[in-house]
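Take a look at the structure below.
In the text below, chain A, chain B and the rest are named by the order of the sequence lines, each starting its count at 1.
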Amino acid sequence: MLDLKTIRQNFDTVQATLNRRGGNYDLPTVIDLDQQQREIEGTRSQLQARSNEIGKSVGQKIREGADPKGPEVAALREEGNQVKAQLGELEPQERELKAQIEAILLGIPNLPSETTPDGKDESENVEVRRWGDEHLPKDSAALKPHWEVGEGMGILNFERSAKIAQSRFVALMGVGAALERALITYMLDRHTRHGYTEVIPPYLVNTASLTASGQLPKFAEESFQCKNDDLWLSPTAEVPVTNLHRDEILTAAELPFHYCSFTPCFRREAGSYGRDTRGLIRLHQFNKVEMYKFVRPETSEDEHQALVKDAEAILQGLKLPYRVIELCTGDLGFSANKTYDLEVWMPSSGTYREISSCSNCGDYQARRANIRFKETGKKGTQFVHTLNGSGLAIGRTMAAILENYQQPDGSVQVPEVLQPYLNREWL
RNA sequence: GGAGAGGUGGCAGAGUGGUCGAAUGCGUCCGACUUGAAAUCGGAUGUCCCAAAAGGACCGUGGGUUCGAAUCCCACCCUCUCCGCCA
């Protein structure tokens with residue numbers, strides 16, 4: 001959520017920065033409503049002050065021995081009732097205005113960072129670097145797509161999953177399930193060794209949590225909802241982990257918090273009918289290891305770079321070729337001010353596919369979630385900065401392994417770093 | 001699912017109609033004592049709105065009673081304990 005005070009004081013700058021994303025955001029209305037609200041608040045708080053005064057003096061008079069039913073007290077009561085009647089009109093107006101402002105603000109995305117490149121859509125994203133050209137498979141043309149490999153080996157089963165649930169689900173069988181588990185463990189082991197605290201959060205989250213991290217109210221159709229309860233299936237560990245510290249005041253000394261969290265993720269993928277219909281790329285349920293940081297504002301840019309490196313380390317460990325893309329303003333996610341995507345090489349299609357997205361959300365989520373920190377000895381509080389990044393999406397990692405480690409004879413080699421976890425060299 | 005208890009400041013915990021934004025303890029900060037530290041003593045210390053003063057809001061949430069509500073009434077949410085069931 002953007003800071004109302006900032007919008008008020010730097011209207012033109014905020015509007016211009018927001019425009020870099022494209023799209024239309026109704027800031028003038030916010031300002032207008034805010035002005036109305038503040039006017040009413042001024043009047044209301046004066047009336048409130050008078051009402052408080054009356055209340056106090058009634059009490060005092062009675063204590064001093066005035067007749068509670070006498071004319072002196074009755075006059076005050078009468079005035080009190082009048083003030084109250086006026087308040088009764090103003091209060092609902094003010095509440096309504098505040099609600100309208102809040103509703104609009106919750107629908108406005110984060111401001112892009114100054115360093116985020118301008119662009120209208122993903123075609124204008126900027127490649128930052130590539131890694132692992134020496135690991136590119138030799139004869140890509142002969143390689144099969146990962147679903148054919150997996151189904152051929154009997155480790156991926158899409159048909160039966162459609163029977164159990166729907167399309168866009170998969171069952172992992174035998175060594176496929178073991179590979180999934182090995183990847184999860186490998187990633188968590190690596191991140192915890194580098195100072196991330198492992199978290200297994202609830203996979204069902206309430207409306208307040210989804211609002212805090214930015215999925216609601218705008219993207220309700222993207223999440224699965226439990227009809228009988230105020231609960232949704234979490235679309236990413238980012239949601240529960242953000243809310244670990246919702247409505248908390250942390251102390252400066254305990255920051256930063258670095259978390260890593262393995263969770264299943266559930267997404268309706270509404271509006272992506274027909275895209276990536278085969279394979280592991282776009283499923284309603286997938287596993288992911290997420291990294292998440294709560295940091296002091298002045299460190300967030302460095303923490304962001306480090307986060308990307310931590311995600312890259314997984315791909316490098318697996319020797320999977322990838323490139324790093326910086327998203328342009330038009331492709332930036334709702335809560336992010338700056339995002340790097342990691343895209344892994346998929347030989348069967350000859351393309352790089354997103355396997356990790358590492359975002360700096362600045363204080364945007366922290367405002368929505370009301371997560372602040374306090375400097376000991378200093379007055380007041382500040383919002384923390386939050387960052388999140390996949391480290392990595394497990395299903396897509398498996399897809400990349402099945403394709404990149406595929407041999408001409410159809411067998412698949414196990415990446416070296418996973419061999420200890422799987423106790424085998426070949427799938 | 002049945003019965004009961006409870007939600008108060010960073011934490012613990014008092015407060016059952018006005019003098020309560022809220023005792024006390026812990027924690028934190030400043031100072032004294034000390035070579036230094038601990039202990040001890042003195043003082044300070046909630047958050048939010050408003051540019052700020054003044055003022056206002058906030059004792060789970062939302063309503064109600066009252067001149068006046070942390071305190072009384074209603075509804076809802078959540079937590080805990082016991083019983084039952086159960087991974």
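- Taking atom C1' on both nucleotides, rC59(B) is separated from rU40(B) by 34 Å, rounded to a whole Å.
- Regarding Ile7(A), its CD1 atom lies at a distance of 18 Å from the C1' atom of rA51(B), rounded to whole Å.
- Nearest-nucleotide mapping onto RNA chain B: of Gly59(A) and Lys5(A), the residue sitting toward the 5' end is Gly59(A).
- Note: CG (Asp247(A)) to P (rG60(B)) measures 14 Å, nearest angstrom.
- At whole-Å resolution of the value, CG in Leu87(A) and P in rG56(B) are 12 Å apart.
- Taking the C1' atoms as reference points, rA69(B) lies 7 Å from rG17(B), given to the whole Å.
- Considering only side-chain atoms of Arg95(A), the nucleotide from rG63(B), rU47(B), rG56(B) that sits closest is rG63(B).
- Side-chain N/O atoms of Arg372(A) include one lying less than 4.0 angstrom from OP1 or OP2 on rC48(B).
- To the nearest angstrom, P of rG17(B) lies 20 Å from CD of Gln60(A).
- For Lys84(A), the listed nucleotide lying nearest its side chain is rG68(B); candidates were rG56(B), rG68(B), rC48(B).
- Nucleotides rA3(B) and rA14(B), compared at atom P, are 27 Å apart to the nearest Å.
- Taking the C1' atom of each, rA23(B) and rC77(B) are spaced 30 Å apart, rounded to whole Å.
- The closest donor-acceptor contact from the side chain of Arg396(A) to the backbone of Ile281(A) lies under 3.5 Å.
- There is no side-chain donor-acceptor pair under 3.5 Å between Gln35(A) and Glu39(A).
- Between the side chains of Asn206(A) and Asp230(A), no donor-acceptor pair of N or O atoms lies under 3.5 Å.
- For the pair Asn52(A) CG and rG55(B) C1', the computed distance is 10 Å after rounding to whole Å.
- Nucleotide rG9(B): unpaired (no Watson-Crick or G-U wobble partner with both distances less than 3.5 Å).
- The same atom, C1', is picked in rG9(B) and in rA5(B); the two are 23 Å apart, to the nearest Å.
- The side chain of Gln48(A) lies closest to rG56(B), out of rG18(B), rG56(B), rC50(B).
- In this entry rC82(B) has rG2(B) as its Watson-Crick or G-U wobble partner, both defining distances falling under 3.5 Å.
- No side-chain N or O of Ser261(A) forms a donor-acceptor pair with one of Thr263(A) less than 3.5 Å apart.
- Across every strand in view, rC20(B) sits unpaired, with no contact that passes the Watson-Crick or G-U test at under 3.5 angstrom.
- rC49(B) atom C1' lies 11 Å from atom CG of Asp34(A), rounded to whole Å.
- Listed here is the closest heavy atom pair of Leu156(A) and His146(A): CD1-O, 4.1 Å.
- Across all strands shown, Glu41(A) has heavy atoms under 4.0 Å from base atoms, whether or not it also approaches the sugar-phosphate.
- Remark: Glu269(A) engages Arg282(A) in a salt bridge (Lys or Arg N to Asp or Glu O under 4.0 Å) (not counting sequence neighbours).
- Only the P atoms considered, rG15(B) is 23 Å distant from rU81(B), to the nearest whole Å.
- Residues Gln82(A) and Glu78(A) have side chains that bring a donor and an acceptor to within less than 3.5 angstrom of each other.
- Looking at the side chain of Ser45(A), the nearest of the listed nucleotides rG56(B), rC67(B), rC49(B) is rG56(B).
- Across all strands, Asn81(A) comes closer than 4.0 Å only to sugar-phosphate atoms, never to a base (heavy-atom distances).
- Base pairing annotation: rA70(B) forms no Watson-Crick or G-U wobble pair, as no partner gives both donor-acceptor distances under 3.5 Å.
- Of the nucleotides present, none pairs with rA51(B) by Watson-Crick or G-U wobble criteria with both distances under 3.5 Å.
- Among the heavy atoms of the strands lying under 4.0 Å from Arg8(A) are primed sugar atoms or P, OP1, OP2 only; no base atom is included.
- Rounded to whole Å, the separation between the C1' atoms of rC78(B) and rC20(B) comes to 26 Å.
- Of the side-chain N and O atoms in Arg38(A), one or more sit less than 4.0 angstrom from OP1 or OP2 of rA51(B).
- Between rU45(B) and rG55(B), the two C1' atoms lie 23 Å apart (nearest whole Å).
- Both distances falling under 3.5 Å, in either a Watson-Crick or a G-U wobble arrangement, occur for no nucleotide opposite rA39(B).
- Contact annotation: the side chain of Leu342(A) never approaches that of Ile314(A) to less than 4.5 Å [non-hydrogen atoms, C-beta and beyond].
- rU61(B): Watson-Crick or G-U partner is rA75(B), with both key distances under 3.5 Å.
- Where Ser57(A) and Ser51(A) meet RNA chain B, the nucleotide closest to each residue was compared, and Ser57(A) sits on the side nearer the 5' end.
- Listed nucleotides rG10(B), rA57(B), rG55(B) differ in distance to Ile249(A); the shortest reach to its side chain belongs to rG10(B).
- Here the P atom of nucleotide rC49(B) and the CG atom of Asn370(A) are 10 Å apart, to the nearest Å.
- Looking at the side chain of Lys374(A), the nearest of the listed nucleotides rC50(B), rG46(B), rG56(B) is rG46(B).
- In this structure, rA44(B) and rU28(B) make a Watson-Crick or G-U wobble pair, each of the two defining distances being under 3.5 angstrom.
- Between Gln86(A) atom CD and rG56(B) atom P there is a gap of 16 Å when expressed in whole angstrom units.
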